[in-house]
Amino acid sequence: MASRASSGANSSRTRVGKYELGRTLGEGTFAKVKFARNVDTGENVAIKILDKEKVLKHKMISQIKREISTMKLIRHPNVIRMHEVMASKTKIYIVLEFVNGGELFDKIASSGRMKEDDARKYFQQLINTVDYCHSRGVFHRDLKPENLLLDASGNLKVSDFGLSALPQQVREDGLLHTTCGTPNYVAPEVINNKGYDGAKADLWSCGVILFVLMAGYLPFEDSNLVTLYKKIFKAEFTCPPWFSTSAKKLIKRILDPNTVTRIKISEVIENEWFKKGYKPPVFHSADVSLDDVDAVFSESGNSGNLVVERREEKPVTMNAFELISTSQGLNLGTLFEKQMQLVKRETRFASKRPANEIISKIEEVATPLGFDVKKKNYKMKLQGSKTGRKGHLSVATEVFEVAPSLYMVELRKSGGDTLEFHNFYNNITTGLKDIMWKAGEELK
Ligand code: ADP
Ligand code: MG
């Protein structure tokens, strides 16, 4: 069993209701996602944690409640299941099916673009999923690589359906503003911000995703944001020569900036290129209670049924499953793709040096790169001093003990631009070479 390097007299595990929280799986713009275990059943889950005040204060609360309720009812095999919703005094917890096959785009990052047949398989799963959710009145509005995960059998699992109406994009004026995210996947009418049809906008994003799967790079890309927007508005892109003629035709019909002439999902499903080998999934609905959603989003602010987040005084162990779910990351070679924006927001390396030496070495290397370093036990927060494309780059670091005298060091982007994180990572690893351990060096 591995344990956090800080495990000792004062370490603890956090419990929320029947869930024991584990490591942070990822951090988005407005929420944190943590690994957790249901202590009653032993089931692994992912919990999305949101700031309650931000969620409840804004005007779209009834839409959010409706979409979350629908998501709890949806049992589509390619949609990440929503198990339950809980609230404490200050937070909302959305308990989700835990998916451990990584992100779909990791495949491209590690082995390059896909064969057309493979890309079509994922695209069929994606379109079927999106169409199904639309038919239930739920739109995604934020389809992007980070929300396309894979399960252990390599099936697509779309996350965050129905969650995009959450505060992330709703500013004071109460309108949806998705443009603060990665604009590369966003439809022109969404960037334009004039109110839009969620179904048409989602299909555009699916078109961009299909392009990336088959090309290995983005259709619209520019380091200058204004130029990038111009390219998106005019749908200025070129298909690489290896796309088949029928694939090119379909992509052109999807990436049509005019929402009136853009192909509809029902037409995509009838398209010859799309139909090849298409097997829509068969699944059944289930009886699901919505009492938890009602309790969390009740207008009255009724605070019954609140859970408390409490710490349990016992050594923190990283359970074996958690470890396996992350261990692919111990292999540095496949983690980064130098191309375009297909870079991970988190990475790990192994070290055989003592934990405090690792910490001080990171500090020693990060400081001259212009980072302010805050340390707390075996966690660190590195904050960039320069303002980048998306504000200051900040990086969270944590050291875990995976075996006696073998540590796993995790570097995770907690704010700022992914590309800048990639550059930061390249710089810092050059400085950390001495303390990095590569598998096979002296396997004991
Ligand atoms: P974003 O806004 O970028 O989608 P999220 O807060 O939704 O960020 O999630 C952050 C990261 O956490 C994701 O990119 C993904 O790697 C991980 N994650 C989210 N949901 C799950 C899940 N159900 N199972 C496993 N990992 C997840
Ligand atoms: Mg997400």
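As a basis for the values below, the full set of heavy atoms in this structure was taken, side chains included, without hydrogen atoms, waters or symmetry mates. Numbering of ligands and ligand atoms starts at 1, following listing order.
- Residue-to-ligand polar distances keep I80 apart from ligand 1: every N/O pair is separated by 3.5 Å or more.
- At a heavy-atom cutoff of 4.0 Å, ligand 1 is contacted by the side chain of K144 but not by its backbone.
- Of the N or O atoms in E27, none lie within a sub-3.5 Å distance of an N or O in ligand 1.
- Taking CE of M71 as the reference point, atom CD1 of I74 lies at 4.5 Å (rounded to 0.5 Å).
- Counted within 6.0 Å of NZ on K157, heavy atoms from surrounding residues, nucleotides or ligands total more than 12; the atom is thus considered enclosed.
- Rounded to the nearest 0.5 angstrom, L50 CG and T90 OG1 are separated by 11.5 Å.
- With a heavy-atom cut-off of 4.0 Å, S159 does not touch ligand 1 at all.
- With sequence neighbours left out, D117 forms a salt bridge (charged side-chain N to carboxylate O under 4.0 Å, His left out) with R120, K276.
- Here the Mg ion (ligand 2) has protein N, O or S atoms under 2.8 Å from it, and they come to 2.
- Considering CZ of F161 and NE2 of H76, their distance stands at 9.0 Å, rounded to 0.5 Å.
- Near G26, meaning under 4.0 Å from any of its heavy atoms, are these atoms of ligand 1: 10 (C), 11 (C), 12 (O).
- With a heavy-atom cut-off of 4.0 Å, E103 touches ligand 1 through its side chain alone.
- Close contacts of ligand 1 with K48, meaning ligand atoms under 4.0 Å from a residue heavy atom, involve 5 (P), 6 (O), 7 (O).
- Residues satisfying the salt bridge (charged side-chain N to carboxylate O under 4.0 Å, His left out) test with K18, not counting sequence neighbours, are E84.
- Residue-to-ligand polar distances place D160 within reach of ligand 1: an N/O pair is separated by less than 3.5 Å.
- The six-membered or imidazole ring of Y132 lies near that of F283, with a centre-to-centre distance under 6.0 Å.
- With ring centers used as reference points, F371 lies under 6.0 Å from F424.
- Each of the atoms 24 (N), 25 (C) of ligand 1 lies under 4.0 Å from some heavy atom of V99.
- Residues satisfying the salt bridge (charged side-chain N to carboxylate O under 4.0 Å, His left out) test with K121, not counting sequence neighbours, are none.
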Apply side-chain contact (heavy atoms from CB on, under 4.5 Å) to the pair L255 and W204, showing each step before the final yes or no. CA-CA 6 Å; L255 298 180; W204 172 283; 3.8 Å; yes
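- Residue-ligand proximity, A46 to ligand 1, at heavy-atom distances under 4.0 Å covers atoms 22 (C), 23 (N), 24 (N).
- If you look at N100 next to ligand 1, there are no close heavy atoms at all, none under 4.0 Å.
- A donor-acceptor contact shorter than 3.5 Å is absent between the side chain of N128 and the backbone of Q125.
- Rounded to the nearest 0.5 Å, atoms CG (N100) and CG (L149) are 10.5 Å apart.
- Taking every heavy atom of E146 and a limit of under 4.0 angstrom, the matching atoms of ligand 1 come to 3 (O), 13 (C), 14 (O).
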